[in-house]
Amino acid sequence: MSHPIIFDTDPGVDDAQAIAIALRHPEIELLGLTTTYGNVDIETATHNALLLSELASRDIPVAQGAAGPMVKPRHPAPAHIHGANGLGNIELPDVRGKKDLRSAAQFIVDTVNERPGEITLVAVGPVGNLAAALQLDPGLTEKVKRVVIMGGSIREGGNVTPVAEANMFNDPHAAQRVLTAGWPLVLVGLDVTHRCVLTQEHMQRIEAGQGELGKILAGSYAFYRDFYREFLGIDGCCPHDSCALAWLLRPELFTTAPGHLSVVTDGIAEGQTLFAPEGRGFIQERWSQTPLAEVCLEVDGEAVVEWIADTLS
Ligand code: BDR
Ligand code: CA
């Protein structure tokens, strides 16, 4: 079965790994890349998306999107994690292709309306483009097949604050809108991505299998791995964004639960994702009033990283 997807991304080292999967996997029909600020500024995100598809010899539309959050001021890009160029500060070839003339949100609306009921939106950065698309066409909630989001944390705690995951923290107002829109949504958060470690051995297989693209993936991985070693004591890196695609193609590797999501938009817990399991009573009903979504709680992490390496080698 082929999955037609639009991949919304802020590349980003782990985004680049996921983009490579989206470009290469035979069961993915990649209709477009939409870009957002996040790991890098928006121009760099678009440049990297164009570059990665050129290196895979694919001509994929790239539509540029949000340059900052909907409401909050923008946080500086995390150059110590992804490098100032988003790809580990390695030298990059020139890009020949041009971005699509439409905004990311318009691209999403147009593409989904061409194939109602068929397209999955996979979002692995701050979700402002999805929020903007909903603003342009609220009926999108009925027209997408599914929305898969890498973001949030149910029980794991945060990675940029004690409680917030980076993609949610970067634009909590957009996240609140998107996670409560009532479309069929799956949240692939830190509870599962932190159980997956992509090692140097995996990356050697990927480099060998991916030609020019492999050199970029391996070079940027080396920089990202240094961050994981220094700050988290992990020998390898968490391939967060590839986990969203792993869920789409290998859902049997994940355990999910249904419930109601909300995102804290202000105060000391801003960016935190709150999850009220379906059917569980609390002192008030306010946490259980948002539409049902699915969240990932557990994963076979070794099988996921094997799947990533197999796909790319
Ligand atoms: C998420 O934040 C970004 O830095 C990564 O690319 C990933 O999408 C992990 O919290
Ligand atoms: Ca990302």
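For this chain, numbers begin at 1 and follow the sequence in order. When reading the values below, keep in mind they use all heavy atoms of this one structure, side chains included, and skip hydrogens, waters and symmetry mates. Whatever order the structure lists ligands and atoms in, that order sets their numbers, starting from 1.
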*Asks:* Quick check: does V124 have an N/O/S atom under 3.0 Å of the Ca ion (ligand 2)?
*Replies:* yes
*Asks:* Within a radius of less than 6.0 Å around CD of Q289, do more than 12 heavy atoms belonging to other residues, nucleotides or ligands occur?
*Replies:* yes
*Asks:* Among H240, H194, E165, whose heavy atom sits nearest atom 1 (C) of ligand 1?
*Replies:* E165
*Asks:* Are side-chain N/O atoms of T199 and H202 paired as donor and acceptor at under 3.5 Å?
*Replies:* yes
*Asks:* Which is the closest N/O/S atom of D241 when seen from the Ca ion (ligand 2)?
*Replies:* OD2
*Asks:* Taking D171 for the side chain and V127 for the main chain, is one N or O donor matched with an acceptor at less than 3.5 Å?
*Replies:* no
*Asks:* Considering only NZ, NE, NH1 and NH2 on the basic side and carboxylate oxygens on the acidic side, decide whether R195 and E156 come within less than 4.0 Å.
*Replies:* yes
*Asks:* Could you tell me whether V13 approaches ligand 1 through its side chain, its backbone, both or neither, with non-hydrogen atoms closer than 4.0 Å?
*Replies:* neither
*Asks:* Between F169 and K72, is there a cation-pi geometry (under 6.0 Å to ring centre, at most 45° from the normal)?
*Replies:* yes
*Asks:* What do you get for the angle at the Ca ion (ligand 2) between OD1 on D15 and OD1 on D10, to the nearest 10 degrees?
*Replies:* 80°
*Asks:* Nearest non-hydrogen contact with atom 2 (O) of ligand 1 belongs to which option: V40, D14, N167, L190?
*Replies:* N167
*Asks:* Considering only non-hydrogen protein atoms, determine which one is nearest to atom 3 (C) of ligand 1 and report residue, atom name and distance to 0.1 Å.
*Replies:* N39 OD1, 3.3 Å
*Asks:* May I ask you to identify, for T193, whether its side chain, its backbone, both or neither come under 4.0 Å of ligand 1 on a heavy-atom basis?
*Replies:* neither
*Asks:* Run the numbers for me: atoms of ligand 1, each under 4.0 Å from some heavy atom of M150, listed by number.
*Replies:* 1 (C), 7 (C), 8 (O), 9 (C)
*Asks:* Do R24 and Q210 have side-chain N/O donor and acceptor atoms under 3.5 Å apart?
*Replies:* yes
*Asks:* Using heavy atoms and a threshold below 4.0 Å, how should the contact between V124 and ligand 1 be classified: side chain, backbone, both, or neither?
*Replies:* backbone
*Asks:* Run the numbers for me: atoms of ligand 1, each under 4.0 Å from some heavy atom of A166, listed by number.
*Replies:* 2 (O), 10 (O)
*Asks:* Using a cut-off of 6.0 Å, state whether more than 12 heavy atoms not belonging to E142 lie near its atom CD.
*Replies:* no
*Asks:* Quick test: of every protein heavy atom, which one is nearest to atom 8 (O) of ligand 1, and how far off is it to 0.1 Å?
*Replies:* D241 OD1, 2.6 Å
*Asks:* D191 side chain to I154 main-chain N or O, any donor-acceptor pair under 3.5 Å?
*Replies:* yes
*Asks:* Over 60° means perpendicular and under 30° means parallel, so classify the ring planes of F227 and Y224, tilted if in between.
*Replies:* parallel
*Asks:* Show the atoms of ligand 1 that are less than 4.0 angstrom away from any heavy atom in D15.
*Replies:* 6 (O)
